[in-house]
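Handing you a structure now.
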Number of protein chains: 2
Amino acid sequence: MSRPTIAEVARAAGVSVASVSRVLNGLPATEEMVVRVQRAVQELGYVPDSRARSLKVGRTFQLTLAVADVGNPVYVTMMRAVEEVVSAAGYRLVVTTTGSDVVDEVALVRGMARGYADGLVISPLRVDDDLIKSIRECDVPVVVAGNVPASAGVDTVRANSPKGMALAVEHLLTKGRDRIAFVNGPVDTVPGAARAKGFADALKQYKLEAAGAIEADDFTFAAGRAAGQEFFKTNRPNAVICANDLLAVGVMHELAAYGLAVPADVAVIGMDDSELAEQSFPPLTSVNLGSAERGRRAAELLLARIDDDSRKPKRIVVQPTLSVRRSTP
Amino acid sequence: MSRPTIAEVARAAGVSVASVSRVLNGLPATEEMVVRVQRAVQELGYVPDSRARSLKVGRTFQLTLAVADVGNPVYVTMMRAVEEVVSAAGYRLVVTTTGSDVVDEVALVRGMARGYADGLVISPLRVDDDLIKSIRECDVPVVVAGNVPASAGVDTVRANSPKGMALAVEHLLTKGRDRIAFVNGPVDTVPGAARAKGFADALKQYKLEAAGAIEADDFTFAAGRAAGQEFFKTNRPNAVICANDLLAVGVMHELAAYGLAVPADVAVIGMDDSELAEQSFPPLTSVNLGSAERGRRAAELLLARIDDDSRKPKRIVVQPTLSVRRSTP
DNA sequence: ATCGTTCTTGTAATCGTTTACAAGCCAGAC
DNA sequence: GTCTGGCTTGTAAACGATTACAAGAACGAT
């Protein structure tokens with residue numbers, strides 16, 4: 001059966017549509033009016049059509065979070081944090097996944113016409129001028145959870161991965177591990193580039209040489225395994241830092257396959273400190289890049305901008321901490 | 001700057017709004033008309049307002065997938081499958097999370113007014129009469145990925161977890177493990193109940209006694225650890241079946257803590273065969289309950305029902321297989 | 001030259017809400 | 001008794017698209 005409209009409710013209650021709308025939106029009305037309308041609503045099982053409503057009021061009360069890969073547990077952490085903030089503000093959160101290709105991201109932002117959502121938090125893997133252009137032209141507010149140039153003029157919340165790298169390297173050095181290898185994700189991604197630079201800087205700071213660096217095809221478990229396979233045949237570092245937890249777990253599987261013990265033979269450090277770090281075996285020492293806090297603050301920034309679009313863009317940097325677990329000595 | 005409407009495009013192109021709409025929707029028009037409209041569209045950066053469009057045409061071209069917990073990797077598998085099917089059909093998928101409470105699920109279905117999406121795939125943990133009632137009253141099609149009574153009169157796609165249990169028990173028996181324990185999730189959930197019954201039936205079939213059964217508080221890693229902690233102090237099964245992969249991984253951590261080797265001392269089998277089964281160490285033998293196929297078929301059912309709401313409800317059962325990995329001998 | 005047919009384009013109604021405005025009603029003050 | 005002011009309620013115009021219908025143009029056939 002088809003949904004009743006406000007007109008049918010009005011007819012059933014013997015009042016005008018305007019009165020029904022007013023009662024539903026809690027505007028002043030007599031006791032009797034409220035009762036009549038509510039009874040009619042009850043009886044017909046009326047629920048307002050949100051399309052029509054949002055067409056009129058200009059808001060959908062939906063916010064979108066766009067992430068590259070739902071399989072990456074770091075996004076779970078971020079998603080939970082965002083969800084908490086936006087639902088407290090009376091919005092519902094919808095999550096969509098972009099894939100790691102920048103043209104998909106651009107298409108998503110372009111298609112983010114007013115009408116799908118009132119705002120967008122996007123965590124892009126790859127950033128190019130097209131993406132930045134589409135974000136600026138987007139007619140709903142966009143907050144980037146990630147690193148884009150200040151010139152883009154957009155609210156951002158990003159991690160400090162160089163500092164995170166430094167934490168990881170320092171930790172390994174205090175544990176006496178000085179032959180440190182690095183398994184990165186694709187360096188043409190924003191996090192990949194940042195982490196590569198961070199690793200190089202951290203080593204330079206301690207006047208160390210890298211014991212090897214390898215670029216995985218992707219930020220996934222499978223790519224981590226593949227990277228490990230290629231690498232540990234020939235190289236013998238006593239520690240390896242991975243650009244995220246999935247890569248680290250993939251690498252640990254390969255280490256086991258080559259009969260190397262973690263942490264005794266090789267210490268392993270991941271990044272993101274996702275739920276997977278806790279679940280892996282041995283539990284993974286991981287650089288906490290503050291995904292939860294980044295999610296929370298990105299959501300807050302978005303709400304603030306929806307509230308007032310004229311405020312100048314804010315760029316927040318969340319500082320990392322190290323979660324030490326048993327994959328390091 | 002505010003988004004231009006179709007009226008402004010029409011004015012800029014010097015044609016009527018109807019013509020603009022027609023060109024945009026690919027209806028027949030002269031070459032010149034097409035060019036003029038497209039240039040105006042280009043120039044103004046016009047994007048149709050999807051609210052207005054869907055108000056008129058009665059469809060949003062969005063479908064919703066509602067899952068209990070985004071942190072559970074089984075939903076990642078399902079989500080990917082659903083996404084693939086619906087995006088091929090020209091819909092966009094939005095994912096929302098309900099939490100494990102049935103009242104949240106009911107609220108979601110109730111609020112699923114026409115206008116948010118054209119259909120819903122829901123995978124409920126707990127089912128009660130209220131939920132079924134809300135599904136029947138929902139004015140957009142709903143497909144349940146899970147087990148609800150046939151009397152509910154709704155399309156469903158469900159797993160055959162008793163059969164899956166039997167596969168797990170058989171596998172253990174052929175490997176000579178006959179003291180089998182069971183770590184279940186909450187038995188007041190639909191999957192919890194199904195798996196409890198499946199386990200009991202499977203044991204009966206082989207005339208075995210359970211070497212212990214324990215009910216975790218939740219289907220999570222933390223609950224798995226807690227369950228293991230409580231359990232392995234006193235009991236000494238040589239195999240344990242867990243109601244999902246997260247629980248299994250939690251249990252394996254506790255086994256390690258008690259110095260028990262997997263699979264040498266205790267074999268472990270999970271259920272869902274999620275990405276985590278592959279990522280865990282040792283890789284987890286897991287009952288594949290066909291999450292991907294369930295997702296795919298649920299999506300297909302939903303599309304079919306959107307197409308024709310009069311067809312009678314279909315109830316699909318997906319058969320399980322066993323993915324043997326190294327957590328069993 | 002006139003008529004009918006076909007094709008293109010414009011006008012206006014519509015989807016289901018919200019809300020500005022007007023109108024009606026009642027009470028209280030003079 | 002009339003008038004003012006405050007409430008309540010109804011009428012109708014939006015919001016931005018789609019689309020039924022009508023009107024006009026072009027063109028061939030008689």
Side-chain angles (χ1 to χ4, degrees), chain A residues 1-41 44-62 111-118 139-140, chain B residues 1-38 40-41 44-62 90 111-118 139-140:
Chain A
M1 89 206 155
S2 176
R3 181 178 288 284
T5 72
I6 200 173
E8 298 172 48
V9 174
R11 192 145 33 81
V15 301
S16 75
V17 291
S19 299
V20 176
S21 174
R22 274 189 289 258
V23 169
L24 261 36
N25 293 25
L27 297 168
T30 59
E31 190 57 31
E32 199 216 336
M33 175 65 80
V34 173
V35 189
R36 290 174 71 172
V37 169
Q38 285 185 341
R39 191 166 45 215
V41 164
L44 298 177
Y46 169 78
V47 179
D49 183 313
S50 52
R51 286 170 305 207
R53 174 166 214 284
S54 68
L55 172 59
K56 188 62 179 145
V57 302
R59 301 214 271 162
T60 61
F61 292 97
Q62 286 196 341
M112 198 68 212
R114 186 167 60 217
Y116 281 122
D118 299 339
D139 63 348
V140 301
Chain B
M1 90 206 154
S2 178
R3 180 177 289 283
T5 74
I6 198 172
E8 297 172 48
V9 175
R11 192 145 34 81
V15 302
S16 75
V17 291
S19 298
V20 176
S21 174
R22 273 190 291 259
V23 169
L24 260 36
N25 292 22
L27 295 168
T30 59
E31 189 57 31
E32 199 218 335
M33 175 65 81
V34 174
V35 184
R36 291 175 68 172
V37 169
Q38 286 186 340
V41 164
L44 299 177
Y46 170 77
V47 179
D49 183 315
S50 54
R51 285 170 308 208
R53 173 166 215 284
S54 69
L55 172 59
K56 185 63 178 139
V57 302
R59 302 213 271 162
T60 59
F61 292 96
Q62 286 197 343
M112 198 68 212
R114 185 168 61 218
Y116 280 122
D118 299 339
D139 62 348
V140 301

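Here is how names work: the chains are called A, B, and so on, in the same order as the sequence lines, proteins then strands, and each is numbered from 1.
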**Request:** For residues 24-34 of chain A, pull every pair meeting side-chain hydrogen bond (donor to acceptor under 3.5 Å, both in side chains), keeping only residues two or more places apart or in separate chains.
**Result:** Glu32(A)-Arg36(A)
**Message:** So, OP1 or OP2 of dT9(D): does either fall under 4.0 Å of a side-chain N or O from Ser19(A)?
**Reply:**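 Answer is no, no contact under 4.0 Å.
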Pick out the pairs of N or O atoms, protein on one side and nucleotides 20-23 of chain C on the other, that lie under 3.5 Å.
none

**Message:** What's the angle between the local helix axes at either end of the helix from dA1(C)-dT30(D) to dC30(C)-dG1(D), using five pairs per end and rounding to 10 degrees?
**Reply:**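 Rounded to the nearest 10 degrees, the bend comes out at 70°.
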Can you give me the N/O atom pairs linking the protein to nucleotides 5-7 of chain D at distances under 3.5 Å, or say none if there are none?
none

**Request:** Identify, with sequence neighbours excluded, every residue that meets side chain to side chain donor-acceptor pair (under 3.5 Å) alongside Arg59(A).
**Result:** Tyr91(A)
**Asked** Could you give the CD1-to-P distance, from Ile6(A) to dT19(C), as a whole number of Å?
**Response** 11 Å
**Request:** Would you jot down, in residue-number order, the residues of residues 26-38 of chain B having a non-hydrogen atom under 4.0 Å from DNA chain C?
**Result:** Ala29(B), Thr30(B), Met33(B)
**Request:** Could you tell me which residues satisfy side-chain contact (heavy atoms from CB on, under 4.5 Å) with Ser19(A), sequence neighbours excluded, listed by chain and number?
**Result:**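 Ser19(A): side-chain contact (heavy atoms from CB on, under 4.5 Å) contacts with Val15(A), Ser16(A), Arg22(A), Met33(A).
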**Request:** For dT11(C), take OP1 and OP2 only and decide whether either is under 4.0 Å from a side-chain N or O of Ser16(B).
**Result:** no
**Message:** Using whole Å, what does the distance between atom P of nucleotide dT17(C) and atom CZ of Phe61(A) come to?
**Reply:**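 One finds 16 Å between P of dT17(C) and CZ of Phe61(A), rounded.
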**Message:** Which residues pass the side-chain contact (heavy atoms from CB on, under 4.5 Å) test with Val17(B), not counting sequence neighbours?
**Reply:**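 Result, side-chain contact (heavy atoms from CB on, under 4.5 Å) vs Val17(B): Ile6(B), Ala7(B), Ala10(B).
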